[in-house]
Amino acid sequence: YNYTPALSSSSSSSTELRNLLEIQKETFVTKTKLNPEQYKIAQGGLMATGDLVARRAKGADPIIIAWEKLKESGMCVGVGQNCLNTYLYVLSTSGGGSGGSSGILGRGGEGKSILDIMRQLDPSSEKEENEEEEEEKESSKERKMSTAEEVATFHDLLYQPTEQSVSIRVKSLVNSGDAVGA
């Protein structure tokens, strides 16, 4: 199997994603007031969650939740390629995350994050909230990306694509009727 990725770790998309994740990390640390040691412990907890769920094969719900927390905290780069590979393994073998977030989330990943709740406590953020709602309405018209496809896309932009990540992305495109994109 020989795959030549359209994006490499030095591409502009990869750089842009890394920059956005760094901004997300800074925002998260500022809002939660975590020190570097606490942030590293939280990061380790999300990595351990992936390993534990993979070993016990109990379904994808914990991984779906952990993935949302990885994105929210900007930890996607810091956890490393092995962690994302573990998340991909669980999502692809358990059938989880195949149609937007599923299981106990049940809301397509539309639940409120810690930062959303903290924004509600800040009265100056009301205008930002209304703008975000308008953007969400516009983006909801687009095809929803499954959790597995999202993890695979992040993986491929941050690291070298693997057979598993490419397979998940191709299957998602085929399932959505985009055979040409696949």
Residues passing the salt bridge (Lys or Arg N to Asp or Glu O under 4.0 Å) test with Lys25, sequence neighbours excluded, are none
> Does some side-chain heavy atom of Phe28 sit less than 4.5 Å from a side-chain heavy atom of Leu34?
Replying inline: yes
Could you tell me whether the side chain of Pro161 reaches within less than 4.5 Å of the side chain of His155, counting heavy atoms only?
no
Closest non-hydrogen atoms of Glu150 and Glu68, given as atom of the first, atom of the second and distance, are OE1-OE2, 4.3 Å
Tightest non-hydrogen contact, residues Ile168 and Ala152, listed as CG2-CB, 4.1 Å
Rounded distance [0.5 Å steps], [atom1] in [X] versus [atom2] in [Y]:
X	Y	atom1	atom2	answer
Arg18	Thr15	CZ	OG1	7.5 Å
Tyr159	Leu84	OH	CG	5.5 Å
Cys83	Leu88	SG	CG	10.0 Å
Asp51	Leu46	CG	CG	11.5 Å
Lys71	Leu21	NZ	CG	10.5 Å
Ile63	Thr86	CD1	OG1	8.0 Å

Using modelled atom types and a 3.5 Å cut-off, is there a donor and acceptor pairing between side-chain atoms of Gln24 and backbone atoms of Glu72?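 Confirmed, Gln24 side chain pairs with Glu72 backbone.
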Could you please spell out the steps behind the side-chain contact (heavy atoms from CB on, under 4.5 Å) verdict for Trp67 and Leu91?
CA-CA 11 Å; Trp67 172 246; Leu91 291 167; 5.9 Å; no
In Thr153, Asp156, Val151, the residue satisfying side chain to side chain contact (heavy atoms under 4.5 Å, CB included) with Ser165 is Asp156
*asked:* Going by the rule side chain to side chain donor-acceptor pair (under 3.5 Å), which residues pair with Gln164 if we only count those two or more places apart in sequence or in a different chain?
replied: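 Partners of Gln164 by the side chain to side chain donor-acceptor pair (under 3.5 Å) criterion, ordered by chain and then number, come out as Ser92.
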For residues 35-42, dump all side-chain donor-acceptor pairs below 3.5 Å to protein atoms at least two apart in sequence or in another chain.
{"residue": "Asn35", "atom": "OD1", "partner": "Glu37", "partner atom": "N", "Å": "3.0"}
{"residue": "Asn35", "atom": "OD1", "partner": "Gln38", "partner atom": "N", "Å": "2.7"}
{"residue": "Gln38", "atom": "OE1", "partner": "Asn35", "partner atom": "N", "Å": "2.8"}
{"residue": "Tyr39", "atom": "OH", "partner": "Ser73", "partner atom": "O", "Å": "2.7"}

Asn82 meets the side-chain contact (heavy atoms from CB on, under 4.5 Å) criterion, sequence neighbours left out, with Asn85
Contacts of Thr49 meeting side-chain contact (heavy atoms from CB on, under 4.5 Å) (sequence neighbours excluded), chain-then-number -> Val53, Pro62, Ala66
